[in-house]
Visitor: 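What follows is a structure written as structure tokens; I'll ask about it next.
Note that these values count all heavy atoms, side chains included, but never hydrogens, waters or copies made by symmetry.
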Amino acid sequence: MRESLGMSASALARKLGVMPHSIAKLEKAEADEKITLASLRKLASALDCELQYALVPRKSLEEILEDRAITIARERLRPISHSMSLENQSVDQSASEKQLQLLAKEILDGPRRNLW
């Protein structure tokens with residue numbers, strides 16, 4: 001941002017009340033992903049910017065929860081399915097999938113903390 005504004009490191013240092021070498025340290029910390037939020041807030045303010053910090057899910061929260069419930073349901077059903085196949089009592093794929101979906105729904109309907 002500083003460079004886009006055409007601002008020198010010395011000018012930014014004056015606005016922040018620090019030595020110019022501190023700006024180089026801050027910019028290196030940012031590049032190395034080691035800068036603190038507090039430092040970013042100060043820099044944003046000095047550059048007349050707003051700091052926006054957010055975690056943005058890659059999928060909808062609903063999809064994340066559904067995927068997690070399916071994973072847990074599979075883990076719970078795996079020993080049962082294995083045992084049944086050993087006893088030559090395995091169920092067909094359609095019935096297994098229906099059972100998986102029902103258990104996943106039951107898990108989703110329960111307390112969210114049980115998902116993790």
Visitor: Hey, what do you get for CE (Met1) to CG (Leu5), rounding to the nearest 0.5 Å?
Guide: 6.0 Å
Visitor: To the nearest 0.5 Å, what is the distance between CG (Asn114) and CG (Leu108)?
Guide: 11.0 Å
Visitor: Can you name the closest pair of heavy atoms from Pro79 and Arg76 and give their distance?
Guide: CD-O, 3.5 Å
Visitor: Supply the atom-to-atom distance Leu103 CG to Lys105 NZ, rounded to the nearest 0.5 angstrom.
Guide: 12.0 Å
Visitor: As a quick check of understanding, evaluate side chain to side chain contact (heavy atoms under 4.5 Å, CB included) for Arg74 and Thr71, giving each step before the final call.
Guide: CA-CA 5 Å; Arg74 273 199 181 97; Thr71 298; 5.5 Å; no
Visitor: For a quick test of your reading: what N or O donor-acceptor pairs under 3.5 Å do the side chains of residues 38-52 make, sequence neighbours left out?
Guide:
| from | atom 1 | to | atom 2 | distance (Å) |
| --- | --- | --- | --- | --- |
| Ser39 | OG | Thr36 | OG1 | 3.0 |
| Glu50 | OE2 | Gln52 | NE2 | 2.9 |

Visitor: For residues 21-31, which side-chain donor-acceptor pairs fall under 3.5 Å, sequence neighbours excluded?
Guide:
| from | atom 1 | to | atom 2 | distance (Å) |
| --- | --- | --- | --- | --- |
| Ser22 | OG | Met19 | O | 3.4 |
| Glu27 | OE1 | Arg2 | NH2 | 3.1 |
| Glu27 | OE2 | Arg2 | NE | 2.6 |
| Glu27 | OE2 | Arg2 | NH2 | 3.2 |
| Lys28 | NZ | Asp32 | OD2 | 2.7 |

Visitor: Starting at CZ of Arg78, measure out to CG of Leu100 and round the result to the nearest 0.5 Å.
Guide: 10.5 Å
Visitor: Once you round to the nearest 0.5 Å, how far does CG of Leu77 lie from CD1 of Ile72?
Guide: 12.0 Å
Visitor: Tell me whether Ile70 shares a hydrophobic cluster with Trp116, the cluster being built from Ile, Leu, Val, Met, Phe, Trp, Tyr side chains joined at under 4.5 Å.
Guide: yes
Visitor: Out of curiosity, Glu66 CD to Ile107 CD1, how far, rounded to the nearest 0.5 Å?
Guide: 12.5 Å
Visitor: What are the two closest non-hydrogen atoms of Ala104 and Ala73, and how far apart are they?
Guide: N-CB, 3.9 Å
Visitor: Hey, is CD on Glu62 packed in by over 12 heavy atoms from elsewhere, all under 6.0 Å?
Guide: no
